[in-house]
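Have a look at the structure below before the remarks.
By convention in this document, chain letters (A, B, ...) are assigned in the order of the sequence lines, proteins followed by strands, and residues within each chain are numbered from 1. All values below come from the heavy atoms of this structure, side chains included, with hydrogens, waters and symmetry mates left out.
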Amino acid sequence: MSDLRVRFAPSPTGYLHIGGARTALFNYLLARQQDGTFVLRIEDTDVERSTQESVDAILQAMDWLGLACDEGPFYQSDRFDVYRRKIQQLIDEGKAYRCYCTPEELEAKREAAMKEGRKPKYDGTCRNRSDQPDAPSVVRFKLPHDREETTFVDRIKGPITFRHDELDDLIIQRTDGTPTYNFVVVVDDAEMNINLVIRGDDHVNNTPRQILLYEALGYPVPEFAHVPMILGSDKKRLSKRHGATSVMAYQEMGYLPESMVNYLVRLGWSYGDEEIFSMADLIEKFSLENVGRAAGVFNPEKLLWLNSHYIKTGDLDRLAGLLQPFLEKKGIDVANGPDLKAVVKTLQERSATLVEMADGAVFYFGETVDYDEKAKTKFLKNDQRELFEILLAQLEACESFDEASLETAFAGVMESTGLKFGKIAQPLRVALTGGTASPSIYQVLEVLGKETSLGRIKRALEVLA
RNA sequence: GUCCCUAUCGUCUAGCCUGGCCCAGGACACCGCCCUUUCACGGCGGCGACGGGGGUUCGAAUCCCCCUGGGGACGCCA
C-alpha cells in the first residue's frame, strides 16, 4: 500500500450528479492505481439541508458505478466536538476571534462594496475589539498578514497565486455554534491524513484560505488537483434544464455503469486516440497530467454511443439480468416467453439503451401481438392469403427451427410463390412481431419457436382483410 | 465590479512542455455511398477547428505580450 490518501466529500443535499461522480471517479482511479486509500466523507455540517435520503442516494450511485471506498463513510455531523476544540484552539492562540456583526450589516456592506466596484470583503470591524457584548456571535479566522501572497502548485493547473489582500477573515463558526465548510474540510482532510485533494474547479478560490488554515492549525498542507467543471450545451453550468444530471437517472434510462464511467473519464481526460476504456484500463492508464484544464460540455450523444457499444459487446447473461427489470416494468412476465439470453442476442446490435431493448423485445412475449395499424393495412392484406398458407405449410414441415432448416423452408416458399425474399419476409415480420422493424426474420422465428410462430401466422390469416 | 482559471472542428479531444514530421490526427453528431429481408450493425467517403492582434524566429497551433470570448469565486452553502 502506498501512502497516497485521497477522498471524495459530497454534501448530502441531493443525488449524486454527473460532476460529483467524475470527481469521485478520478479519486478512485488514482487510489487504485497507486494502491492508496480512498476515503469517503459526508459533508453534512449544514444540518438544515442534509438528509439521509441524499446520503443513501449518493452511496447507491457510487455502488452502481463501482466506486468502492476504502474508509468511511465518515460523517462530519459526528465530529462536531473535534471542530469545536480546534476552533477554541485558534481563539486561544489569538488566531481567531468573535464577531458580532449581524448578517444584515454584512449584507449591506457587501452591496455597498459591489456598487463601488470593490471586492466585497469583511472589513474587520470586530477584529481587534476587546469587549464581549452579550450578543450572538460568529467566530472568524484572523487572516495572517505575515506574507503578501499564497501560492500553491495545482496538479492540473500549475502554480496559482492569490494576494492576501484579496482575502478576508472568514467565518469558521456560525452563530448556532456549528462550524463552516472551509474550516471542517481542512480539519478533516488533515486529521484523515489526506495528502492529495482532488475536487471541482469551483474550489480554487477557497484553496489559499484553506492553506492558511492548515498553517494556523499546524497541519501539513496537502497537494491539490482541481478538475474543471462540466457545462451544458449552452456552456452554462450543467443543470437540470440540460437534461438529467443525476447519475442514477441514467440507470433508469437504461444505461450501463461502464458507459457512464467511460464517458465521464473521457470528458476532460484523454489517452492518445483511445475511446474505449474498462475500469481496469483506467486504473492502469489514468493520470492527472492528462486531465484537461478547461471546462467541458456534457454531450449526451457520445454517452449514448458508448452505451450502445457496451450493449453490443456485453455479456449475454449479464445483459439478460439487467434487461429483466425493464421488461417487468412494462408489465411483461418474462416466464411467458423465450429465453432472455436469446432475446438479448437478437437485440443487442440494435439497441442503444436497455429501455430501447425492452421496447424491441415486447413482441417476443405473450401469445399474440398487437399489430401496428399502418403495418397491418400495408402487409396483412387478403391477396397475401396464399403466401401465408404456403408459409404455414413449409414451416409446419420444418423439423427444427434453426437457421439452416429455415433457409430451406424459405427457398421452398420462394419457389412455389415466385416471390423474392423481401416480399415474403415483410408480411411475415408483421404477422410475427406486429411491426415492420425487428431482428432478422430467421432469428425471430428461431427465438419465438415453432409453436408460437405458427400460432401467429394462423392468427394473421384470420385478420387478413 | 474585483480576483482566479481557461481558449484546436458543433461537441470530447491528439498535437503544445522538447517550434519544422500539422495546408492539424481521432471520436461523437451530421451528410453521402456500399452492404441488406425490415430496423439496426458494419465498411468506405465527405463536411468541419488552431478566437483576434502584435511580437520572437529562417520557420509558430506550438514561445512571449495585449485584446476578446468562456467558466468559476466573491454566503453564518458546500
Side-chain angles (χ1 to χ4, degrees), chain A residues 9-13 43-46 48-50 76 99 101-103 106-107 110 113-121 136-140 154 156-158 160-163 165-168 170-182 184-185 199-208 226 228-229 231 233 235-237 263 266-276 290 292-306 308 312 347-352 356 360 375 379 410 420-426 428-430 433 435-442 444:
Chain A
S11 75
T13 54
E43 309 236 319
D44 57 351
T45 53
D46 185 348
E48 294 288 297
R49 301 198 300 170
S50 302
Q76 291 185 322
C99 166
C101 298
T102 65
L106 295 171
E107 184 52 36
R110 257 196 295 275
M114 285 272 220
K115 199 172 277 176
E116 289 171 37
R118 287 182 292 114
K119 192 181 180 92
K121 297 193 306 178
S137 68
V138 298
V139 176
R140 285 184 187 271
D154 191 277
I156 291 172
K157 294 171 185 289
I160 299 177
T161 300
F162 284 86
R163 296 190 52 81
D165 52 25
E166 290 296 328
L167 275 24
D168 66 357
L170 80 156
I171 292 170
I172 57 177
Q173 185 180 75
R174 303 182 183 96
T175 309
D176 66 3
T178 58
T180 60
Y181 165 76
N182 276 113
V184 296
V185 74
R199 75 222 309 192
D201 212 343
D202 47 342
H203 285 293
V204 298
N205 298 276
N206 290 326
T207 307
H226 288 99
M229 302 274 84
L231 312 177
S233 49
K235 300 245 180 163
K236 299 288 179 212
R237 202 184 179 127
Y263 179 72
R266 272 290 283 111
L267 210 189
W269 173 84
S270 60
Y271 191 81
D273 284 342
E274 290 182 38
E275 295 288 348
I276 305 297
N290 292 325
R293 291 166 304 177
V297 174
F298 180 73
N299 183 338
E301 257 111 38
K302 188 136 185 188
L303 209 207
L304 188 66
W305 172 75
L306 280 165
S308 64
K312 219 172 297 170
L347 258 13
Q348 66 181 155
E349 275 203 343
R350 56 198 86 226
S351 311
E356 253 182 65
F379 292 103
F410 269 73
K420 285 190 173 174
F421 192 92
K423 294 288 180 194
I424 301 168
Q426 213 48 357
L428 178 57
R429 173 169 283 114
V430 177
T433 72
T436 52
S438 82
S440 95
I441 207 72
Y442 292 138
V444 170

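- Using a 4.0 Å heavy-atom distance criterion, A/C101 is classed as a base contact.
- With both ends at atom P, the span from B/G55 to B/U18 equals 24 Å, rounded to whole Å.
- Taking atom P on both B/U6 and B/G54, the two are 25 Å apart, rounded to the nearest angstrom.
- Residue A/S270 is classed as a sugar-phosphate contact, given heavy-atom separations below 4.0 Å to backbone atoms only.
- B/U57: no Watson-Crick or G-U partner with both key distances under 3.5 Å is found in any strand.
- Under the side chain to side chain donor-acceptor pair (under 3.5 Å) criterion, A/E274 pairs with A/K285, not counting sequence neighbours.
- Glycosidic conformation of B/C41 is syn; the angle stays within 90° of 0.
- Under the rule for a side chain to side chain donor-acceptor pair (under 3.5 Å), the partners of A/R237 that lie at least two apart in sequence or sit in another chain are A/D202.
- Contacts of A/Y442 classified as ring pair (Phe, Tyr, Trp, His ring centres under 6.0 Å), with partners at least two apart in sequence or in another chain: A/F410, A/F421.
- Judged as a side chain to side chain contact (heavy atoms under 4.5 Å, CB included), and not counting sequence neighbours, the contacts of A/D168 are A/K121, A/Y122, A/R209.
- On a pure distance criterion of 3.5 Å, a polar donor-acceptor pair joins the side chain of A/K302 and the base of B/A27.
- The pairing partner recorded for B/C50 is none, the criterion being a Watson-Crick or G-U wobble arrangement whose two distances lie under 3.5 angstrom.
- Listed by chain and residue number, nothing satisfies the side chain to side chain contact (heavy atoms under 4.5 Å, CB included) test with A/D273 (two or more places apart in sequence, or in another chain).
- Inter-residue side-chain proximity for A/I160 and A/T207 is flagged as unmet; no heavy-atom pair is nearer than 4.5 Å.
- Residue contacts shown for A/D176 are absent, as no nucleic acid heavy atom lies under 4.0 Å away.
- In this structure, A/L106 and A/S233 both approach RNA chain B, and ranking their closest nucleotides by distance from the 5' end singles out A/S233.
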Nucleotide N/O to protein N/O under 3.5 Å, stretch nucleotides 1-6 of chain B:
unit_1	atom_1	unit_2	atom_2	d
B/G1	O2'	A/G117	O	2.5
B/C3	O4'	A/E166	OE1	3.3
B/C5	O2'	A/K157	NZ	2.6

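- Look at the C1' atom in both B/C76 and B/G71: the space between them is 27 Å, to the nearest Å.
- Using a 4.0 Å heavy-atom distance criterion, A/K236 is classed as a sugar-phosphate-only contact.
- One C1' atom belongs to B/G46, the other to B/C9, and the distance between them is 14 Å to the nearest Å.
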| query | Do A/T436 and A/V430 pass the side chain to side chain contact (heavy atoms under 4.5 Å, CB included) test, and can you show the C-alpha distance, the side-chain angles, and the key distance before you say yes or no? | reply | CA-CA 6 Å; A/T436 52; A/V430 177; 4.1 Å; yes
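- Whole-Å rounding puts the A/E107 CD to B/C76 P distance at 9 Å.
- The side chain to side chain contact (heavy atoms under 4.5 Å, CB included) test applied to A/P120 returns A/R110, A/A113, A/M114, not counting sequence neighbours.
- Comparing the C1' positions of B/G52 and B/U8 gives a spacing of 15 Å, expressed to the nearest Å.
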Check nucleotides 21-25 of chain B against the protein and report each pair of N or O atoms closer than 3.5 Å, with its distance, or say if there are none.
unit_1	atom_1	unit_2	atom_2	d
B/G25	N2	A/D273	OD1	3.1

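- Atom NZ of A/K423 is separated from atom CZ of A/F379 by 8.0 Å, given to the nearest 0.5 angstrom.
- Nucleotide B/G45: paired with B/C31 (Watson-Crick or G-U wobble, both distances less than 3.5 Å).
- Rounded to the nearest Å, the gap between the P atom of B/A29 and that of B/C41 is 9 Å.
- Heavy atoms of A/T45 sit under 4.0 angstrom from primed sugar atoms or phosphate atoms, though from no base atom.
- Summary of the strand contacts: A/P10 and A/L267 both lie near RNA chain B, and taking for each the nucleotide with the nearest heavy atom, the more 5' one is attributed to A/L267.
- Shown here, B/A73 forms a base pair with B/U2; the pair counts as Watson-Crick or G-U wobble because both key distances fall under 3.5 Å.
- Within the nucleic acid shown, A/G435 has no heavy atom closer than 4.0 Å to any nucleic acid atom.
- Heavy atoms of A/H226 sit nowhere under 4.0 angstrom from any nucleic acid atom.
- Counting any heavy atom pair closer than 4.0 Å across all strands shown, A/V297 reaches sugar-phosphate atoms only and no base atom.
- Contacts of A/S137 classified as side chain to side chain donor-acceptor pair (under 3.5 Å), with partners at least two apart in sequence or in another chain: A/R98.
- Residue contacts for A/E275: at a heavy-atom cut-off of 4.0 Å it reaches a base atom on one of the strands shown.
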Is there any protein nitrogen or oxygen under 3.5 Å from a nitrogen or oxygen in nucleotides 39-45 of chain B, and what are the pairs?
unit_1	atom_1	unit_2	atom_2	d
B/C39	O2	A/R350	NH1	2.5
B/C39	N3	A/R350	NH1	2.3
B/A40	O2'	A/E349	O	3.1
B/C41	O3'	A/K312	NZ	3.1
B/G42	OP1	A/K312	NZ	3.3

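- Checked by atom type, the side-chain pair A/R429/A/S438 shows a donor-acceptor distance below 3.5 Å.
- At a cut-off of 3.5 angstrom, the base of B/U37 holds at least one donor-acceptor pair with the side chain of A/R429.
- Rounded to whole Å, atom P of B/U13 lies 12 Å from atom CH2 of A/W269.
- The P atoms of B/C31 and B/G70 are separated by 30 Å, rounded to the nearest whole Å.
- Across B/U11 and B/G19, the matching C1' atoms stand 29 Å from one another, rounded to whole Å.
- The nucleotide B/U36 finds no pairing partner, because no Watson-Crick or G-U wobble arrangement with both distances shorter than 3.5 Å includes it.
- Per the geometry, OH belonging to A/Y263 stands 6 Å off C1' belonging to B/C12, to the nearest Å.
- Legend: residues meeting side chain to side chain contact (heavy atoms under 4.5 Å, CB included) with A/P228, ordered by chain and number and at least two apart, are A/D201, A/V291.
- Remark: A/S440 pairs with no residue by the side chain to side chain donor-acceptor pair (under 3.5 Å) rule, at least two apart or across chains.
- Using a 4.0 Å cut-off, some side-chain N or O of A/R110 falls inside it from OP1 or OP2 of B/G75.
- Looking only at atom types and distance, the side chain of A/D176 has a donor-acceptor partner in the side chain of A/T178 under 3.5 Å away.
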